[in-house]
Amino acid sequence: MSDSRIPGGELFSIYLKGFFMGAADTVPGVSGGTIALITGIYERLISAITELDAAAIANVFRLHTADGRAAFRDDLLRMDVFFLVALGAGILTALITLSRIVETALVEYPTFTFAFFFGLIAASAIVLYNHVNVNTPARFAVAIVGFVFAFLVSGASSSGGLPNTLPFAFVAGAIAITAMILPGISGSFLLLLMGQYEFMLGTLRRFIDSLLGVVRGGSLDVVIEPATTVVVFCVGALVGLLTIAHVIRWALTHYRAATLTFLVSLMVGALRLPAERVLANGTFESALSIGAVVFIAIVGGAAVLALDWYTDDLEYA
């Protein structure tokens, strides 16, 4: 349970970290879980999710009494709801505001965009490996398994995507959110593999545009179709989140060192995706073009190192 007195400044800091997580989750190949690890909130996030208790809803019907209000407040603090709300608000803000920008960047400047992401992930791996000791045969084996798994997933073909239907939107939500809280595996990338990434990105855009249209006096009918898909996707995400979070918390409790080694190794294996995209889209006809790509990758890495500099030290050894 977190401190019952959460300063406004801390909530804003959590909001910003959520924004960074949402920004990372907007692009294939980058994980919001990585940002959560770097900013030191990963285990708090997992703990808060696993503390969510549906039984607390009963106290909502007792808010007309002093005891009911006190019990409801205690439930909110025990489940770290204020942390989750601030973090979720940051994630949602980033997804809504940056999805179009990232989509444009990936289409118009794929080489530089993926070079930036390569630098971000590579620097993340360097930062986090400083807090993991791969000093036993078992941990080394776990690291290899994590690397190979992410390497294979990152190189998997996106052919044979699932149809754009509500049942598959539910499945896509459950799978994508599972990846989003695992460092090194991107939920957006898995959506891309399943043939759902562009569909969900377009659906989110139509949902927001239709809502804005309603505000301006447009018809409510145009909201129903994209809203239904978004809601089904979110329900699937909620199911995946509540299940995988418990698994991760159990693993961190019983096999902490091995679990962290595995999670960090996923990041290294996931470098295959941005590297392949850079090589596939870049021309590299001159030293200037090569230098530009390297420079952008360095900028991505520097962004992570700067973020790590201004966050609390991580204790993962």
Side-chain angles (χ1 to χ4, degrees), residues 15-35 85-114 116-117 120 158-181 185-241 273-274 277 281 300:
Y15 171 85
L16 290 179
K17 292 175 181 181
F19 187 90
F20 291 138
M21 287 181 63
D25 281 329
T26 305
V27 296
V30 181
S31 171
T34 298
I35 304 301
V85 169
L87 192 71
I91 292 173
L92 185 61
T93 301
L95 290 176
I96 292 175
T97 59
L98 298 181
S99 57
R100 299 189 188 207
I101 298 175
V102 173
E103 184 182 19
T104 300
L106 289 171
V107 173
E108 301 294 334
Y109 310 101
T111 302
F112 292 143
T113 303
F114 280 105
F116 178 81
F117 295 146
L120 189 153
S158 61
S159 61
L162 301 175
N164 300 325
T165 61
L166 290 180
F168 284 110
F170 178 88
V171 173
I175 294 176
I177 198 67
T178 297
M180 286 178 184
I181 62 173
I185 298 295
S186 164
S188 293
F189 176 69
L190 292 184
L191 287 178
L192 189 65
L193 291 182
M194 293 184 289
Q196 303 294 306
Y197 179 68
E198 292 182 332
F199 170 67
M200 289 308 304
L201 205 61
T203 300
L204 179 60
R205 184 190 311 114
R206 288 191 294 113
F207 176 59
I208 299 301
D209 289 345
S210 61
L211 283 180
L212 293 176
V214 170
V215 173
R216 296 166 184 161
S219 173
L220 186 62
D221 294 340
V222 296
V223 181
I224 297 176
E225 187 270 329
T228 301
T229 302
V230 169
V231 169
V232 170
F233 180 88
C234 291
V235 171
L238 180 62
V239 171
L241 188 66
L273 175 60
R277 294 298 179 87
N281 291 285

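- Note that the CG atom of D209 and the CG atom of L204 stand 9.0 Å from one another [nearest 0.5 Å].
- Contacts classified as side chain to side chain donor-acceptor pair (under 3.5 Å) and involving residues 225-239 (residues at least two apart or in different chains) are given here: R206-E225.
- Of all non-hydrogen atoms in S210 and P226, the two that sit nearest each other are OG-CG, 4.2 Å.
- To the nearest 0.5 Å, the span separating CD1 on I91 from CG on D25 amounts to 6.5 Å.
- A donor-acceptor pair under 3.5 Å is absent between the side-chain atoms of T26 and the main chain of L98, judged by distance alone.
- In this pair, F114 and F117 present their aromatic rings perpendicular. The plane angle is above 60°, beyond the 30 to 60° band.
- With rounding to the nearest 0.5 angstrom, the CG atom of N281 is 11.5 Å from the CZ atom of F112.
- Of the inter-residue distances, the one linking I177 atom CD1 with F233 atom CZ reads 7.5 Å to the nearest 0.5 angstrom.
- A distance of 9.5 Å separates CG of L87 from NZ of K17, quoted to the nearest 0.5 Å.
- In terms of heavy atoms, G22 sits closest to L95 at O-CD2, 3.6 Å.
- In this structure, V223 and F207 have side chains that are in contact, with non-hydrogen atoms separated by less than 4.5 Å.
- A105 and T113 get closest at one heavy-atom pair: O-OG1, 3.2 Å.
- For the salt bridge (charged side-chain N to carboxylate O under 4.0 Å, His left out) condition, no pair includes a residue of residues 167-176, sequence neighbours left out.
- Residues satisfying the side-chain contact (heavy atoms from CB on, under 4.5 Å) criterion with V85, sequence neighbours excluded, are V81.
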